[in-house]
Amino acid sequence: MHAITNGGWIEVITGSMFSGKTEELLRRLRRAEIAGQEVVAFTPAIDDRYGETTIGSHDGRSWDATPIDPETDLEAVFAACNGEEVVAFDEANFFSNSLVDVCERLAADGRRVIVSGTDQTFRGEPFDPLPHMVAVAEYVEKFRAICAVCGEPATRNQRLVDGEPAHVDDPTILVGAAESYEARCRHCHTLRED
Ligand SMILES: Nc1ncnc2c1ncn2[C@@H]1O[C@H](COP(=O)(O)OP(=O)(O)O)[C@@H](O)[C@H]1O
Ligand SMILES: Cc1cn([C@H]2C[C@H](O)[C@@H](COP(=O)(O)O)O2)c(=O)[nH]c1=O
Ligand SMILES: [Zn+2]
């Protein structure tokens, strides 16, 4: 593969929950730091599972990050950037489609932009802004977890409420991890529709 050397670009890390997106993001940030590059990372203020100023993976690794209010604060990204070569966004599924424009401006400014987030809602529908980010990115990697029911590769996010499949009309946003979600394949993924 011919890697880009003459300017900024966008990388997307996506896939189901528990598929290793955050581990991969942290791996890329560690390697950038080893290469002597300045890194700044942002996380939505809504996701406080691992502490407000931390990007955390399901296996316990973490990285310091600046919390951003996903509703109102995206312009604050530019104020928080101080010429870093690498700009990362975790949990991009909590941001609006305005994140696409922010990432395009950062890439146009010569930055390496890395965006991580799940690409499907618990209903199995596209979860904006990830599908849009995929369309404008130079590099995309989609990861699969292991289906919690059958052990096949999992691309879907099963939401569970009191151990039962969530209802199709439930709100899209529900911050959580293993207490509310499982990784599942398309055959084992279910929704309550009654
Ligand atoms: N069903 C599963 N499939 C794969 N990994 C899982 C599963 N459940 C828990 N894990 C753990 O989650 C880790 C991935 O965590 P993380 O990078 O935070 O995922 P993501 O950011 O995609 O939600 C795996 O290395 C593994 O230790
Ligand atoms: C499918 C789905 C997920 N979420 C939330 C649940 C978690 O807080 C994050 C995903 O985290 P991960 O790092 O990918 O494990 O998104 C949601 O609010 N709504 C959904 O439909
Ligand atoms: Zn399955």
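Counting convention: from 1, in listed order, for ligands and their atoms alike. Since this is a predicted model, take the numbers as computed values, not measurements. What's counted below: heavy atoms across the whole structure, side chains too, no hydrogens, waters or symmetry copies.
The heavy atom nearest to atom 24 (C) of ligand 1, out of those in K21, E23, H58, is found in E23. Residue nearest to atom 17 (C) of ligand 2, selected from F122, F143, Y181: Y181 (by heavy-atom distance). In this structure, of D170, T172, N93, the residue bringing a heavy atom nearest to atom 16 (O) of ligand 2 is N93. When the options G117, G20, G56, G176 are ranked by their closest heavy atom to atom 8 (O) of ligand 2, first place goes to G176.
In summary, C188 places an N/O/S atom under 2.8 Å from the Zn ion (ligand 3), meeting the contact criterion. The Zn ion (ligand 3) has an N, O or S atom of C147 under 2.8 Å away, backbone or side chain.
Where the criterion is an N or O separation shorter than 3.5 Å, residue side chain and backbone included, Q120 fails it with respect to ligand 2. At under 3.5 Å, a nitrogen or oxygen of H58, whether backbone or side chain, sits near a nitrogen or oxygen of ligand 2. The shortest N or O to N or O distance between A183 and ligand 1 is not under 3.5 Å. At least one N or O atom of K21 sits closer than 3.5 Å to an N or O atom of ligand 2. Geometrically, ligand 2 and T121 share no nitrogen or oxygen pair separated by less than 3.5 Å. Ligand 1 has a nitrogen or oxygen under 3.5 angstrom from a nitrogen or oxygen of I146. The shortest N or O to N or O distance between S16 and ligand 2 is not below 3.5 Å. Here's the thing with L174: one of its N/O atoms is less than 3.5 angstrom from an N/O atom of ligand 2. Polar contact with ligand 2: absent for F94 (N/O pair, distance under 3.5 Å). Residue D59 places no N or O, backbone or side chain, under 3.5 Å from any N or O of ligand 1. Of the N or O atoms in I173, none lie within a sub-3.5 Å distance of an N or O in ligand 2. In terms of N/O distances under 3.5 Å, ligand 1 is approached by F18.
With a 4.0 Å cut-off on non-hydrogen atoms, S16 touches ligand 1 through its backbone and not its side chain. At a heavy-atom distance under 4.0 Å, no atom of D90 approaches ligand 2.
Under a 3.5 Å cut-off, the side chain of S96 and the backbone N or O of S98 do form a donor-acceptor pair.
Atom CZ of R30 is surrounded by more than 12 heavy atoms from other residues, nucleotides or ligands within 6.0 Å. Remark: R31 CZ is loosely packed, at most 12 non-hydrogen atoms of other residues, nucleotides or ligands lying under 6.0 Å away. More than 12 heavy atoms of other residues, nucleotides or ligands shown are found within 6.0 angstrom of CZ on R123.
Which parts of ligand 1 touch M17 is read off a 4.0 Å heavy-atom cut-off, strictly below it: atoms 23 (O). The N157 neighbourhood of ligand 2 comprises atoms 1 (C), with distances under 4.0 Å to a heavy atom of that residue. Within ligand 1, the atoms closer than 4.0 Å to a non-hydrogen atom of S57 are 17 (O), 18 (O), numbered from 1 in the order shown. The ligand atoms of ligand 2 that sit less than 4.0 angstrom from a heavy atom of R159 are 19 (N), 20 (C), 21 (O). The ligand atoms of ligand 2 that sit less than 4.0 angstrom from a heavy atom of V175 are 8 (O).
In this pair, Y139 and W9 present their aromatic rings perpendicular. The plane angle is above 60°, beyond the 30 to 60° band.
A salt bridge (Lys or Arg N to Asp or Glu O under 4.0 Å) with R112 is found for one member of E85, E138, E11, E84 and no other, namely E11.
No single ILVMFWY cluster, assembled from side-chain heavy atoms under 4.5 Å apart, contains both F143 and M133. Hydrophobic clustering (ILVMFWY, side-chain heavy atoms < 4.5 Å, transitive): L29 and V87 are in distinct clusters. Side-chain heavy atoms closer than 4.5 Å link hydrophobic residues (I, L, V, M, F, W, Y) into clusters, and following such links, even through other members, never connects V77 to F94. I13 and F89 are members of different hydrophobic clusters when ILVMFWY side chains are connected at heavy-atom separations under 4.5 Å.
A salt bridge links D101 to R105: one of the charged nitrogens lies within less than 4.0 Å of a carboxylate oxygen.
Minimum heavy-atom separation, H167 to E193: NE2-C, 3.7 Å. Contact detail for G117 and N93: the closest heavy-atom pair is CA-OD1, 3.7 Å.
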Passes side-chain contact (heavy atoms from CB on, under 4.5 Å), D119 versus V134? Steps please. CA-CA 9 Å; D119 56 351; V134 164; over 6 Å; no

Kindly indicate, with the supporting measurements, whether the criterion salt bridge (charged side-chain N to carboxylate O under 4.0 Å, His left out) is fulfilled by E24 and R28. CA-CA 6 Å; E24 175 64 15; R28 292 185 195 186; 2.7 Å; yes

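The closest approach between a heavy atom of A148 and any atom of ligand 1 is not below 4.0 Å.
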